[in-house]
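I have placed the structure first, in the form of structure tokens, so that the comments after it can refer back to it.
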Amino acid sequence: MANQEVGKKVRMALTPPPHDATTNPFLLIRSISSSNNAMLSKEEEEEKENNNGEPHTNNLCAVINHYIHTLNHFNLRNLGYPLNQNFNYDALAPLLRFHLNNAGDPFFGSTVCLNSTSFEVSVLDWFANLWEIQNNKYWGYVTTGGTESNLHAILLGREKFPDGILYTSQDSHYSIFKIARMYRMQCVKVGTLVSGEIDCAELKTSLLAHKDKPAIINLNIGTTMKGAVDDIDLVIQTLKKNGFSRDRFYIHCDGALFGIMLPFVKQAPKISFKKPIGSVCVSGHKFLGCPIPCGVVITRKEYINTLCRDIEYIGSRDATITGSRSGHAPIFLWYAITKRGSLGLQKEAQTCIRNARYLHNRLREARIGAMLNEYSNIVVFEKPLDDEFSRRWSLACKGNIAHVVVMQHVTIEMLDLFVAEFLQKRSFWWFKDYGSSFQPRCIADEIGAANCSCSMHSLLS
């Protein structure tokens, strides 16, 4: 009886608020905005002025409170995307009274006095040290996120090799293919292994087919869906063995999530500028948990001069993709790094990977086809048959598979509840659609026969 009561309370806590006009924050926001845009009579304007706008302020607070209530419910089931919700930046709240703009080159200064470039450079120095490049040998800046970081890095590669061909795996983030279209670059999509790692045998074939042109290579330090890490050393070896000397290739490492995790994981592949790579980027809102989307891109200083232009209006150099840049993001990043320190970040990375292994084991024990790459916190499994269930747990899905990204806010209790609900719903979905006893779906093509739990492959597991 006690267990039933606990279960009932958990289910109630996980039930989102009803979507009606009085509780749905999105409807309330539209309602308030519409009334706010309506023309007020002279008397209404005077009344609002006499009341110091208090009724209006109360409405705004109500909208925000409803929205926070909804976010809290969604956050209890936030499993599918690499967003760390375990943070507290209350100490930085006073900074929201200032507009901070880091326009221009963070190393060059500007005439925009309300900036945080000193914090930005401190963050950049930290990442330069993490990825093993001397302070006087690198350049970088804090971006709006992974896409802008990739935009900047691949632009550097294209400026170095205007006729170069962009090579990237089919499992790369969608921004890479968008960037190729924006820059009108020839892009060769390379196949992957079952793990999601770039297939260097296929890369070799593609390189030899275009041997007369330089290679601009995008490597994934953790693919979006499977968390696979491309082998930097093997790719460099493939380039050199097939006639691409150091002056004929540029390598960018897209480390959105794993770029900061792997350096703190024992025996993980090393990301280092001691290797012949051109740039590395990471997202700040993922593992570090910055509450606003942002990123960091680091490159070799020798590559940046081709992009720089002096801008008298801001008293700085223009070397970034965007002009005005958030001055708050670097401070959040600096705070996150400084408060936790290397030991704290290492502990968090290890906990995420340990909990991901726990989830993987739970799924496999329940005869749910699942895969987990080494050094990864991304657990891939069969896609739920019900889209509502996937939305409820905020799962990312592609084809026949879905994944959970085990971040710092994801607890063992949350994972247990997810598996229990998945198992409960799974048999019902199958019977409803097929009218027979449950049979696991075959996803061997996506995650490998050894990881599949269908009747054909279960004996291999």
Side-chain angles (χ1 to χ4, degrees), residues 2-4 6-8 10-11 13-14 76-82 193-196 222-223 225-228 265 349-434 436-461:
N3 289 338
Q4 289 180 349
V6 171
K8 182 180 179 182
V10 171
R11 286 192 296 274
L14 289 175
L76 291 170
R77 303 176 304 279
N78 183 20
L79 291 183
Y81 295 91
L193 308 176
V194 171
S195 65
T223 55
M225 199 66 200
K226 296 182 179 179
V265 178
Q350 291 171 348
T351 300
C352 288
I353 291 174
R354 183 173 63 250
N355 289 348
R357 289 172 182 162
Y358 173 84
L359 173 61
H360 178 250
N361 291 336
R362 284 292 318 273
L363 293 172
R364 297 293 287 154
E365 289 167 0
R367 289 191 65 217
I368 297 174
M371 180 185 80
L372 174 64
N373 278 311
E374 195 173 8
Y375 314 117
S376 174
N377 64 329
I378 299 178
V379 182
V380 186
F381 51 91
E382 64 181 62
K383 177 185 174 181
L385 294 175
D386 182 45
D387 290 341
E388 185 178 342
F389 177 85
S390 295
R391 285 193 296 270
R392 172 176 168 81
W393 288 95
S394 192
L395 301 180
C397 303
K398 183 178 181 182
N400 291 324
I401 58 175
H403 77 200
V404 163
V405 186
V406 183
M407 301 299 290
Q408 291 93 322
H409 67 276
V410 178
T411 63
I412 294 295
E413 292 74 19
M414 194 186 301
L415 296 176
D416 283 339
L417 193 62
F418 167 73
V419 174
E421 188 174 323
F422 192 10
L423 287 173
Q424 180 187 14
K425 301 278 189 181
R426 195 167 173 240
S427 298
F428 170 74
W429 298 329
W430 187 271
F431 185 81
K432 184 182 70 171
D433 291 344
Y434 301 101
S436 62
S437 59
F438 178 76
Q439 295 293 327
R441 179 191 299 181
C442 180
I443 52 173
D445 287 345
E446 288 86 354
I447 66 173
N451 297 310
C452 183
S453 293
C454 74
S455 57
M456 183 186 304
H457 298 109
S458 59
L459 295 177
L460 300 175
S461 304

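Each residue takes its place number in the sequence, starting with 1.
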[X] side, atom [atom1]; [Y] side, atom [atom2] - distance, nearest 0.5 Å:
X: Ile412; Y: Asn355; atom1: CD1; atom2: CG; answer: 4.0 Å
X: Leu359; Y: Leu363; atom1: CG; atom2: CG; answer: 4.5 Å
X: Leu423; Y: Phe418; atom1: CG; atom2: CZ; answer: 9.0 Å
X: Phe422; Y: Phe381; atom1: CZ; atom2: CZ; answer: 6.0 Å
X: Glu446; Y: Lys398; atom1: CD; atom2: NZ; answer: 10.5 Å
X: Asp387; Y: Leu395; atom1: CG; atom2: CG; answer: 10.5 Å

Where do [X] and [Y] come nearest, in terms of heavy atoms and distance?
X: Met407; Y: Cys352; answer: C-SG, 3.7 Å
X: Cys397; Y: Ser390; answer: SG-OG, 3.8 Å
X: Arg362; Y: Val419; answer: NH2-CG1, 3.5 Å
X: Ser453; Y: Gly369; answer: OG-N, 3.3 Å
X: Asn451; Y: Met371; answer: ND2-CG, 3.6 Å
X: Val380; Y: Ile447; answer: CG1-CG2, 3.9 Å

Keeping the roles fixed (side chain from [X], backbone from [Y]), state whether a donor-acceptor pair exists under 3.5 Å.
X: Asp386; Y: Phe389; value: yes
X: Lys226; Y: His403; value: no
X: His360; Y: Val379; value: no
X: His409; Y: Asn78; value: yes
X: Ser394; Y: Gly80; value: no
X: Asn377; Y: Ala356; value: no

